[in-house]
Amino acid sequence: MFKQSRSPVRVITDAPEADVGSTDVPDELKRKSLSLPDIPESEAVRHYTRLASMNFGVDNGPYPLGSCTMKYNPKYADRIASLPSATDIHPYQDDSTVQGTLEMMYDMERKLASISGMDAVTLQPAAGAHGEFTAMLMVRAYHRSNGEERDEVIVPDSAHGTNPASAAMAGYKVIEIPSASDGSVDTDALKAAVSKRTAAFMLTNPNTLGIFDKNIKEIAKAVHNAGALMYYDGANLNAIMGISSPGKMNFDIVHFNIHKTFAAPHGGGGPGSGPVGVKKKLIPFLPSPIIKKADGKFVLEYDNKESIGKVRAFHGNINVVLRGYAYILRMGSEGLKDATVRAVLNSNYLKELLKDGYDIPYGDLKKHEFVASASRLKKEKGIKASDVAKRMIDFGIHPPTVYFPMLVDEALMFEPTEDCSKDELDRMAEALNDIAKEDRETVLRAPRNSSVSRVDETKAAKDMIFSTRYLRRRQ
Ligand SMILES: *Cc1c(COP(=O)(O)O)cnc(C)c1O
């Protein structure tokens, strides 16, 4: 941007005095020149403000990405996570000097266990997918301890892609079963698939269609009768917390996404946090170290013979865990329940408003998310789900998840979280219903109000350019 407005680029001639002492640097390592831009503060501030406004995030407006649970991240959690007592400590410090942090972790484990109905929790995994992988290693260790080698993991076709990927990475053969016509688990297909080879059944409940599986007890029974474990993908925990729990549904193992359910940023590739909760029989296999409380002191215990070992350097992304902890404490159990009720209400409200312009296949009453379809627009006008999504950008509204789950044609998957107001939902619905009435030409030209228009998404994934320096080197 600066390059466009002035040429040649101005270079600093008057560098400030160094505020650190000098050292002896060999001549050949010394820079001959240093080109720093020479611009007034006003221009620097405006440059970064302009860049910041080109972006969109949860601080700009609702971010209704289905499955992702992009909540507004309350500022108090950020403030707490940036206190020196949270940032100026190191995992190599002696346990006795970080008692506060260890106590927070110890208490968080217990709070998550209580919310999920599990008996113990590890905070180590760095995200949901990592939690799934950690859990699959524990599933294997559990069966081995019983003298069994089971080699299959069953997933329904509505599962998030990370479920089969994590099972496969842990060395399991993935068996996919079709959904029933109402979008829930086909219990006959499941019963036909489970056997002595089944290590676990992975399920998201409510699933990615926002449908709570009413047969969950029967499903758990069929899986347990075959000696297999029930795995709960907790990405949708925000649809049931405070009202039901994976424990009540007879699951044995659960992952949480702190960055989804409990409000911490999904850091654009940055840290997440994916703790795993387990029932008693799986406790011996939890990753090391375990936080123990002895004589009023918190200590890390590494001597756990049956543990699957470490899955992450140190103790996990504790600063993300801390944000989630702050959220849980601030909300309290009534607050968490209220968040669930609001999320479910918001989803159903938006779904009803969208019935004007879109088809909503699968089920009537939804949980916290629902899947609309643009297939009618595709048939009538050649407008696809991705075109609708691009057009939403012109209305200043972030698009939903598209083309997932795959069992809905031209899927637009919405998850308006509990922090969406009625006004925001009304605005979103009005824009979407307006788009459904627009002509093909207008929609296919979108987006026109964004800093970049349509990008080649395949090229972006296959041909990554990480920095301007990298780009220059390739030119
Ligand atoms: C997000 C998500 C995951 C993976 O979680 P990450 O924290 O993104 O690794 C797994 N399952 C479902 C249903 C999800 O929505």
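Atoms within a ligand are numbered from 1 in the order they appear, just like the ligands themselves. Excluded from the calculations below are hydrogen atoms, water molecules and symmetry mates; all remaining heavy atoms, backbone and side chain alike, are included.
- Of the heavy atoms in Ala235, only side-chain atoms (C-beta onward) come closer than 4.0 Å to ligand 1.
- No hydrogens or angles considered: nothing links the side chains of Tyr63 and Glu415 as a donor-acceptor pair under 3.5 Å.
- When Glu415, His160, His266 are ranked by how near their heavy atoms come to atom 13 (C) of ligand 1, first place goes to His160.
- The nearest protein atom to atom 2 (C) of ligand 1, hydrogens excluded, is given as Lys260 NZ, 2.3 Å; this is a heavy-atom distance.
- By the 6.0 Å and 45° rule, Arg376 does not stack over the aromatic ring of Tyr358.
- Under 4.0 angstrom from ligand 1, the non-hydrogen atoms of Glu132 all belong to its side chain.
- Taking the ring centroids of His255 and Tyr232, they lie at or beyond the 6.0 Å cut-off.
- In terms of protein heavy-atom proximity, atom 11 (N) of ligand 1 is closest to Asp233 OD2, 2.5 Å.
- Protein heavy atom at the shortest distance from atom 15 (O) of ligand 1 is Ser67 OG, 2.6 Å.
- Under 4.0 Å from ligand 1, the heavy atoms of His259 that appear belong solely to its side chain.
- Between Phe314 and Tyr92, the distance separating the two ring centers is shorter than 6.0 angstrom.
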>> Working note: Tyr231 + Glu132, criterion side chain to side chain donor-acceptor pair (under 3.5 Å); need CA distance, chi angles, decisive distance, verdict.
In response: CA-CA 9 Å; Tyr231 179 84; Glu132 295 168 21; 5.2 Å; no
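- Of the protein's heavy atoms, Gly128 N, 3.4 Å lies nearest to atom 6 (P) of ligand 1.
- In terms of protein heavy-atom proximity, atom 9 (O) of ligand 1 is nearest to Ala129 N, 2.8 Å.
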